[in-house]
Structure formats: structure tokens, C-alpha cells
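Okay, structure first, notes after.
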2 protein chains.
Amino acid sequence: MRLSTKGRYGVMAMYQLALNYENGTISIKDIAQKMDYSDAYLEQMFATLKKERLVTSHRGPKGGYRLSKDPDKITVGDVIRALEGPIEFSSCVGGSENYNCDKSGFCVTKDIWEQVNDSINQVIDNITLGDLLNKNKNSKIGQRS
Amino acid sequence: MRLSTKGRYGVMAMYQLALNYENGTISIKDIAQKMDYSDAYLEQMFATLKKERLVTSHRGPKGGYRLSKDPDKITVGDVIRALEGPIEFSSCVGGSENYNCDKSGFCVTKDIWEQVNDSINQVIDNITLGDLLNKNKNSKIGQRS
DNA sequence: GATATTCCGAGTGGAATAGTAGGGTATAGA
DNA sequence: TCTATACCCTACTATTCCACTCGGAATATC
């Protein structure tokens with residue numbers, strides 16, 4: 001019961017884009033370098049992020065990616081769900097395919113999974129990339145380098 | 001990012017034990033029958049549940065399992081963590097092994113994962129097996145069969 | 001001592017994860 | 001127009017994890 005690397009690195013990568021939001025595009029190679037991570041794999045993730053319209057791209061030299069909208073308008077939840085699909089703590093509740101258990105009508109546990117889903121979504125939908133930027137700014141006060 | 005079958009079926013199985021709490025032990029075969037599930041696999045789970053002292057066992061004919069304490073004293077969180085390990089939405093935060101990312105000191109996302117962990121735990125730690133019993137009782141009012 | 005049950009460890013097929021690899025396409029700048 | 005730089009796309013692969021299954025030993029009841 002865990003986020004895969006996609007969600008984890010996806011949020012980090014989107015944060016890099018947020019840092020660069022005012023400056024225009026940034027290339028995958030640069031992001032990969034900053035994150036110290038495989039650019040080929042990041043590339044795949046960005047294909048998805050683009051499909052979900054969270055980023056825009058520009059080809060050729062000086063090309064790269066950019067957030068499609070203001071960092072304050074993109075939540076961590078948007079990023080995670082784009083890369084990992086809808087949150088479903090238990091496979092029987094919450095998702096897209098939502099396989100239908102024949103006992104769901106009177107299942108005593110169904111409610112629990114729904115509550116967990118809601119609580120996860122509530123957390124990740126209330127943190128924007130802009131929030132992360134602010135946090136970073138604040139935490140730098142009184143810090144070296 | 002999902003509970004495995006262990007957590008899902010574990011809670012259901014423990015609920016069966018809760019239903020039977022006043023009557024003494026119940027065998028894995030019976031539980032498997034009621035849940036319409038593989039008894040060999042349930043067996044494995046019960047080994048873990050016993051190791052974590054959530055159930056007690058008795059061998060031989062008329063043997064079986066029983067909750068180690070009152071249904072009100074066992075939370076869904078106890079069961080899930082026993083079977084799946086500690087809740088860690090992201091692998092870098094919250095767990096036992098807790099692999100140490102070299103950037104964790106100033107990682108902007110670490111906080112998010114901690115918040116998610118907390119919110120999940122809060123939900124599952126506030127629902128006891130006793131609660132599930134009560135819910136079932138109430139939902140039976142006005143219901144056929 | 002026959003039978004029902006828990007206990008224990010090993011094995012296995014399939015799916016998902018976490019990538020690699022390699023070629024194609026657009027475009028900025030010389 | 002050429003070339004280097006970037007995105008774009010599809011396929012492949014090694015490893016790990018999941019969801020079991022199986023066989024047999026230990027133990028308790030009648």
C-alpha cells in the first residue's frame with residue numbers, strides 16, 4: 001500500500017517546474033540532473049502529465065516543459081492521480097474500474113475504505129505546488145547556502 | 001497504492017471472529033466458508049495475526065481461533081498494520097526500515113507523505129471491530145433476511 | 001488411535017514496477 | 001539548409017511483489 005516511484009518523483013519533478021515557472025521551459029535533462037534521476041523514465045512520466053494537461057511542451061533546442069497553469073492552481077493530488085490513477089485504498093472502492101463485489105450492498109468494511117480514500121484525497125488536494133514553493137522559501141530563512 | 005488482499009480479507013476475517021467472540025473459537029475452515037475464500041491463504045494470515053497477539057489459537061478438533069481481547073479493544077488499524085506493516089504512503093517516510101534519502105533534510109515533499117500517513121492512521125485507528133458489529137446490527141433493522 | 005485442527009516452510013505462476021533502448025519528429029540557431 | 005537539441009513513441013526486460021498452493025508435522029479431542 002504505497003505510492004510508486006511515479007507519484008513520488010512526479011511531484012518532485014513538478015516542483016522543479018514550479019521553481020522555473022517564471023523563466024519559461026526547462027528540459028527533462030535539466031530536471032533529471034537536478035533530481036539525480038533517469039531522464040528516460042522521467043520522459044515517460046511527462047508524456048502522461050502532458051496528456052493530463054498539467055504541463056505544456058516545446059520541442060527543439062531551448063525547448064522543454066512548463067506548467068500549464070499557475071503553481072497555485074495545481075495540487076499534489078492532481079499530479080498523483082494523473083500518474084497513478086485514482087486513489088483507491090482498497091481495490092473494491094473508489095476507482096475507475098471499480099470492480100463490483102457481490103456483497104458490496106452489505107459489506108461492513110466498504111465504508112472504511114471510502115473514509116480512507118476521502119482522507120487521503122483531502123490531504124493531497126489541499127496542497128498546491130505554490131504551497132511547496134512558499135514552504136521552501138520560508139525554510140531557507142536562517143539556513144546556510 | 002493499494003491495500004493488498006491481506007489487509008482487506010484480514011479485516012473481514014477478524015470481523016467474523018468478532019461475531020463469534022462470545023461463542024469461543026471458530027476454525028479457519030468455517031471462516032473461509034463464510035467468506036467464500038481460500039482457507040490455505042487465510043491460514044497464513046492468521047499465523048501473522050497470532051504473532052501480533054491479536055488472536056489466540058487452540059489446536060485439535062473443536063479448536064480454532066478467537067480474538068485475544070474484546071472487539072472494542074481491537075482497531076482496524078491494528079489488523080491492517082499487523083498484516084501489511086506500518087502505513088507508509090511513500091516509501092521514504094513513516095515505516096520501519098525507513099530508507100534514508102540523502103535529501104530528506106530539506107525535501108519539500110516529505111511533509112506531504114507524513115500528513116497522508118497520519119490521516120490514514122487516524123481513520124483506521126478510530127474504527128474498532130466492535131464498531132463494525134454495531135453497524136451491522138443497526139443496518140439489519142428494516143432489512144429482510 | 002482416528003480425526004480435526006493448527007502450525008510451518010517451501011515453491012510457483014502471473015502481474016506490476018522500474019526502468020532501458022532505440023528510433024522518429026520538430027525547431028532554433030548558425 | 002544543416003545540425004544539434006530537444007520532445008515523442010513504442011517495445012523490451014529484469015526484478016520484485018502478490019496471491020496463492022502444497023505437503024507434512026504437531027497437537028488436541030473423542
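Computed over heavy atoms, backbone and side chain alike; hydrogens, waters and symmetry mates excluded. Chain letters run A, B, ... following the sequence lines, proteins first, then strands; residues in each count from 1.
- Put simply, A:Lys50 has a side-chain N or O that comes within less than 4.0 Å of OP1 or OP2 on D:dC8.
- Across the interface with DNA chain D, nearest-nucleotide mapping of A:Arg59 and A:Gln44 shows A:Arg59 to be the residue nearer the 5′ end.
- For the OP1/OP2 pair of D:dT21 and a distance below 4.0 Å, the side-chain nitrogens and oxygens of B:Ser38 include at least one atom meeting the criterion.
- Taking 4.0 angstrom as the limit, A:Ser4 places a side-chain polar atom (N or O) nearer than this to OP1 or OP2 of C:dA18.
- Residue A:Phe46 is out of contact with every strand shown, counting any heavy-atom pair closer than 4.0 Å.
- Across the protein-nucleic acid pair, B:Glu43 atom CD and C:dG9 atom C1' stand 12 Å apart, rounded to whole Å.
- The side chain of A:Ser57 contributes no N or O atom lying less than 4.0 Å from OP1 or OP2 of D:dC7.
- Distances from the side chain of B:Ala40 to the nucleotides D:dT21, C:dT5, C:dA18 place D:dT21 closest.
- Between A:His58 and C:dA28 there is a side-chain N or O to OP1 or OP2 distance below 4.0 Å.
- Note on B:Tyr37: a side-chain N or O is less than 4.0 Å away from OP1 or OP2 of D:dC20.
- Contact between the side-chain N/O atoms of A:Tyr41 and the OP1/OP2 oxygens of D:dT13 is not found at any separation under 4.0 Å.
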message = Let's go through A:Arg66 and A:Asn20 carefully: what are the C-alpha distance in whole Å and the side-chain angles of both, what is the deciding distance for side chain to side chain donor-acceptor pair (under 3.5 Å) to 0.1 Å, and is it a yes or a no?
response = CA-CA 8 Å; A:Arg66 188 165 188 251; A:Asn20 207 63; over 6 Å; no

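- Distance from the side chain of B:Pro61 is smallest to C:dT3 among C:dT6, C:dT3, D:dT21.
- Atom NZ in A:Lys51 sits roughly 8 Å away from atom P in D:dC9 (whole-Å rounding).
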